[in-house]
Amino acid sequence: MLRMVRSLRRNREGATFVEFAMISPVLLIAVLGAMDAAFNAYTSVVLRGAVADAARGATIEDADSGSLDGEVTTRVRDLLPSAQLSYARKSYDSFSVVGNPEDYDDVNGDGFCNDGESFEDVNGNGLWDSDRGIIGNGGARDVVEYKVTISYDRLFPAPALIGLDPRFSVTATTLLRNQPFADSDAAPETESCI
């Protein structure tokens, strides 16, 4: 019996197979993870290209938002048939105010628009907003922020094995100025903070 144990200790036949069996799960997860990351990066590039093309079309007079969204949907669905898409458009007076809050008189100096402090209601909703954008395509010479978000199930299960969300989401945003096809909206009204 002792001789057989010594013989087994010196025997190296099959060692490569055992080592590969121990390493292969980690290798497989790494390869699938790399493929998942590469596919998600490719999807992001496709989405950005589709959004940029659609946004250029949206700046033209009488552009139909539904058909532009349809173009993006078609290009994304060619790659991911079951992807969920969401669209958002906001218009601004100029590039310099994109994402900025509505101006207000900070009487008490606390950095917030409080009751009784007046503000410029740029988007006309009667409330002070931290983003002054007006939902929609805007008017002539307005700057339009066009944002599309897609969400889809990951193609490979590797990220779920390490606790990542089995769905992946990516957002593409672009800014363009409308062509001068009509008169701009009237000046905003001044309101009082609530």
Side-chain angles (χ1 to χ4, degrees), residues 35-104 113 119-157 159-160 164-189 191 194:
M35 291 172 67
D36 183 66
F39 182 78
N40 293 337
Y42 176 68
T43 301
S44 179
V45 169
V46 168
L47 177 62
R48 286 191 179 106
V51 167
D53 288 347
R56 276 190 290 279
T59 62
I60 299 171
E61 182 176 4
D62 297 329
D64 179 18
S65 298
S67 67
L68 296 170
D69 293 347
E71 291 174 26
V72 173
T73 300
T74 299
R75 286 184 54 187
V76 169
R77 293 269 163 84
D78 286 345
L79 182 62
L80 293 161
S82 63
Q84 295 175 335
L85 292 92
S86 63
Y87 305 91
R89 288 179 183 77
K90 283 189 178 181
S91 63
Y92 301 87
D93 295 338
S94 68
F95 286 102
S96 63
V97 298
V98 173
N100 289 348
E102 293 176 318
D103 294 331
Y104 64 96
C113 187
F119 68 95
E120 187 179 21
D121 190 14
V122 175
N123 57 20
N125 67 358
L127 302 171
W128 178 84
D129 294 295
S130 60
D131 185 340
R132 67 189 307 142
I134 300 170
I135 294 174
N137 284 333
R141 302 201 48 80
D142 283 345
V143 173
V144 178
E145 176 188 54
Y146 182 51
K147 184 183 293 188
V148 181
T149 301
I150 63 171
S151 180
Y152 58 91
D153 292 328
R154 293 178 184 268
L155 296 181
F156 304 104
L164 295 176
D165 190 351
R167 289 192 61 80
F168 185 78
S169 294
V170 63
T171 300
T173 304
T174 190
L175 295 171
L176 288 172
R177 182 181 293 280
N178 286 336
Q179 295 181 12
F181 53 81
D183 293 334
S184 294
D185 294 336
E189 295 181 23
E191 300 282 345
I194 300 174

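Only this structure's heavy atoms are used, side chains among them; waters, hydrogens and symmetry mates stay out.
- Below 30°, between 30° and 60°, or above 60°: for Y87 and Y146 the angle between ring planes is below 30°, a parallel geometry.
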Before giving the answer on side-chain contact (heavy atoms from CB on, under 4.5 Å), spell out for D53 and E71 the whole-Å C-alpha distance, their side-chain angles and the decisive distance to 0.1 Å. CA-CA 9 Å; D53 288 347; E71 291 174 26; 5.6 Å; no
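- L155 CG: more than 12 foreign heavy atoms inside a 6.0 Å radius.
- When all heavy atoms of N40 and R154 are compared, the pair lying nearest together is ND2-NH1, 3.3 Å.
- Contact between T43 and L79 at its shortest, heavy atoms only, is OG1-CD2, 3.7 Å.
- The CG atom of L47 sits 8.0 Å away from atom OG1 of T149, with the distance rounded to the nearest 0.5 Å.
- Put simply, CG on L176 and CD on E145 are 11.0 Å apart, with the number rounded to the nearest 0.5 Å.
- At distances below 3.5 Å, at least one donor-acceptor pair connects side-chain atoms of D165 with backbone N or O atoms of R167.
- To the nearest 0.5 Å, the span separating CG on D131 from CG on N100 amounts to 8.0 Å.
- Atom CG in L164 sits 8.5 Å away from atom CG in D36 (nearest 0.5 Å).
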* To do: Evaluate side-chain hydrogen bond (donor to acceptor under 3.5 Å, both in side chains) for N137 paired with R89, printing each intermediate quantity in order.
  => CA-CA 6 Å; N137 284 333; R89 288 179 183 77; 3.0 Å; yes
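- In plain terms, the two heavy atoms of V98 and L175 that are nearest each other are CG1-CD2, 4.0 Å.
- Taking every heavy atom of both residues into account, R141 and R177 meet most closely at O-NH1, 2.5 Å.
- A donor-acceptor contact shorter than 3.5 Å links the side chain of R77 to the backbone of A83.
- Of all non-hydrogen atoms in L127 and N123, the two that sit nearest each other are O-OD1, 4.4 Å.
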Next item on the list: With side-chain contact (heavy atoms from CB on, under 4.5 Å) as the test, would you mind laying out the steps for E120 and R132 before giving the verdict?
Entry: CA-CA 9 Å; E120 187 179 21; R132 67 189 307 142; 3.9 Å; yes
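- Around CZ of F95, the count of heavy atoms belonging to other residues, nucleotides or ligands within 6.0 Å exceeds 12.
- Taken to the nearest 0.5 Å, the OG1 atom of T171 stands 9.0 Å off from the CZ atom of R48.
- Scanning both residues, V122 and E102, for their nearest heavy atoms gives N-OE2, 2.9 Å.
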